[in-house]
Amino acid sequence: MNIEKHKMIYEGKAKRLYETASPGALIQEFKDSLTAFNAQKKGSFEGKGKINHQITKLIFKYLSDSHIANHFLSSIDDRHMLIEKLQMSPLEVVVRNRVAGSLAKRLGLEEGMRLGAPIVEFYYKDDALGDPIVTEDHALLLGVATRSDLDELKSKALDINLLLQKLFSEIGIELVDFKLEFGRNAFGHIVLADEISPDSCRLWDQKTQEKLDKDRFRRDLGKVEESYKIVCDKLLKKLGAKA
Ligand code: ADP
Ligand code: UDP
């Protein structure tokens, strides 16, 4: 595909968005860059965009088959996908099954502690503020969601958690936590968007507890590329025939 023909409308840390001939669709390009700590730490590896495109595509198709509406329309090539254009919510929704990352830090809990029931958190997407965690009342105060939007976001996130926990456990991986983004489509429906990949999830090998996600980059653990590839290969083996 000749991407130069399309106007870039947004360049983010890990992806670019392009307009298409259709006002309702965008092209989402997956870049090779990796960032952490609000982009203070930067890196990349060749092929990372392709891997995250493949993983996101497999997962979004799996979620569509399970009746979770999402923005994926089709793959254009190995790093570009056609997506439904959405009015994005500035709230990021994080679901946690085990303590890790900012939850461990904020509450002084040991990383790895299992949670009796999943926890859902909202973060306000604002680079200048450092994407702060917000309560539901804060989100209402900011006017970025209604009570019913918050209920819907939470319920969709928990449904997605159940589906993804099942999928990953079938390939020997534990879903520790993950971040979702949602937007509203032209019909006013809330739809899952963005990406689901080792950039946005914590994924641990069920047997060895080895990290297979962006924490390898955040914490300089090495084998970043190998880990992303392991996740991709396992998903391809499990879901590839249907992709
Ligand atoms: P960031 O903005 O954090 O640097 P990315 O590099 O991942 O992140 O950029 C992708 C951008 O595309 C994000 O801001 C995300 O909210 C936005 N986005 C994802 N899906 C859609 C969609 N379907 N319609 C419009 N925007 C989207
Ligand atoms: N996450 C993400 N984007 C963000 C913040 C978090 O994809 O801007 C993901 C992160 O990879 C992890 C989960 O959300 O899987 C929870 O992240 P946490 O709040 O622990 O923050 P971190 O310590 O990873 O910055």
Side-chain angles (χ1 to χ4, degrees), residues 8-20 22-42 44 48-49 52-53 56 60 69-73 79 81-107 109 111-112 115 118-134 144 157 161 164 168 174-186 189-204 211-219 228 231:
M8 188 172 78
I9 54 163
Y10 181 81
E11 173 150 23
K13 296 184 280 289
K15 299 187 290 294
R16 295 188 185 98
L17 296 177
Y18 299 85
E19 271 177 353
T20 67
S22 157
L26 297 174
I27 293 167
Q28 178 167 250
E29 177 183 84
F30 290 74
K31 304 199 289 184
D32 284 344
S33 52
L34 265 168
T35 65
F37 314 122
N38 202 6
Q40 288 172 57
K41 180 171 173 143
K42 291 193 174 84
S44 69
K48 186 247 179 184
N52 275 4
H53 167 263
T56 296
F60 277 18
N70 65 72
H71 73 167
F72 176 78
L73 297 172
R79 66 170 71 230
M81 62 171 57
L82 198 66
I83 58 170
E84 185 179 13
K85 183 177 181 176
L86 302 173
Q87 193 66 46
M88 294 301 290
S89 163
L91 295 178
E92 294 186 334
V93 187
V94 167
V95 183
R96 303 178 184 272
N97 297 305
R98 282 216 205 191
V99 171
S102 70
L103 180 63
K105 226 181 200 174
R106 188 176 311 110
L107 300 187
L109 297 172
E111 181 157 281
L115 300 169
I119 285 177
V120 179
E121 297 169 344
F122 294 103
Y123 290 81
Y124 179 47
K125 225 181 147 186
D126 185 315
D127 283 340
L129 296 176
D131 296 351
I133 189 167
V134 289
V144 292
N161 184 44
L164 293 187
F168 280 114
E174 199 173 327
L175 178 63
V176 171
D177 60 31
F178 59 100
K179 181 264 306 177
L180 300 173
E181 291 190 31
F182 293 89
R184 205 175 283 283
N185 70 11
H189 297 138
I190 292 179
V191 171
L192 174 65
D194 206 53
E195 71 176 295
I196 298 182
S197 74
D199 272 8
S200 62
C201 303
R202 283 196 170 88
L203 302 167
W204 293 359
K211 298 181 198 315
L212 300 171
D213 56 67
K214 195 156 100 174
D215 270 350
R216 301 207 72 85
F217 168 71
R218 290 189 189 98
R219 302 179 189 186
Y228 279 55
V231 174

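Everything quoted here is computed from the prediction, not taken from an experiment. Whatever order the structure lists ligands and atoms in, that order sets their numbers, starting from 1.
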Starting from [atom], which protein heavy atom do you reach first, and at what distance in Å?
atom	result
atom 3 (N) of ligand 2	Lys179 CE, 3.5 Å
atom 9 (O) of ligand 1	Tyr10 CE2, 3.4 Å
atom 7 (O) of ligand 1	Lys15 NZ, 2.5 Å
atom 8 (O) of ligand 1	Lys13 N, 4.1 Å
atom 13 (C) of ligand 1	Lys125 NZ, 3.4 Å
atom 12 (O) of ligand 1	Leu17 CD1, 3.3 Å
atom 20 (O) of ligand 2	Ser102 N, 2.8 Å
atom 26 (N) of ligand 1	Met88 CG, 3.3 Å
atom 11 (O) of ligand 2	Arg218 NH2, 2.9 Å

Per atom 5 (C) of ligand 2, closest listed option by heavy atom (Glu111, Arg106, Glu92, Glu195):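 Shortest heavy-atom distance from atom 5 (C) of ligand 2: Glu92.
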
From the candidates Asp177, Asp199, Asp213, the one that places a heavy atom nearest atom 15 (O) of ligand 2: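 Looking at heavy atoms only, the winner is Asp177.
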
Residue portion contacting ligand 1 (non-hydrogen atoms closer than 4.0 Å) for Glu84: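 Backbone only.
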
Contact partition for Asp194 relative to ligand 1, non-hydrogen atoms under 4.0 Å: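 The answer is both.
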
Counting both backbone and side chain atoms, is some N or O of [X] under 3.5 Å from an N or O of ligand 1?
X	value
Lys85	no
Glu195	no
Leu86	yes

Enumerated ligand 1 atoms positioned under 4.0 Å from heavy atoms of [X]:
X	result
Leu26	24 (N), 25 (C)
His71	20 (N), 21 (C), 22 (C), 23 (N)
Glu181	15 (C), 16 (O)
Gln28	19 (C), 20 (N)

Quick check against the 3.5 Å criterion: does [X] have a side-chain atom that pairs as donor or acceptor with the backbone of [Y]?
X	Y	answer
Ser33	Lys13	yes
Asn185	Leu86	no
Asp32	Lys48	yes
Arg184	His189	no
Asp126	Asp131	no

Nearest heavy atoms of [X] and [Y], plus distance in Å:
X	Y	value
Ala100	Arg202	CB-CD, 3.6 Å
Pro90	Val144	CG-CG1, 3.5 Å
Phe178	Cys201	CB-SG, 3.7 Å

Per-atom contacts of ligand 2 with Val94, taking only distances under 4.0 Å to non-hydrogen atoms: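 Numbered from 1, ligand 2 contributes 14 (O), 16 (C).
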
Under 4.0 Å to a heavy atom of Gly101 - the qualifying atoms of ligand 2, by number: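 Numbered from 1, ligand 2 contributes 20 (O), 23 (O).
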
Is it true that the side chains of [X] and [Y] contain a donor and an acceptor less than 3.5 Å apart?
X	Y	answer
Asn52	Asp199	yes
Arg218	Thr35	no
Tyr228	Asp213	no

Would you indicate whether the side-chain heavy atoms of [Y] and [X] approach each other to under 4.5 Å?
X	Y	result
Ile196	Phe60	yes
Arg16	Tyr10	no
Leu203	Val176	no
Asp194	Glu92	no

Looking at ligand 2, does [X] have a heavy atom less than 4.0 Å from it?
X	result
Arg202	yes
Phe37	no
Lys105	no

Region of Glu121 engaging ligand 2 - heavy atom pairs below 4.0 Å: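 Under 4.0 Å from ligand 2, Glu121 contributes no heavy atoms.
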
Proximity to ligand 2 by part of Ser200, non-hydrogen separation under 4.0 Å: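 Both parts.
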
Residue pair Arg98, Glu111: steps toward the salt bridge (charged side-chain N to carboxylate O under 4.0 Å, His left out) verdict: CA-CA 8 Å; Arg98 282 216 205 191; Glu111 181 157 281; over 6 Å; no

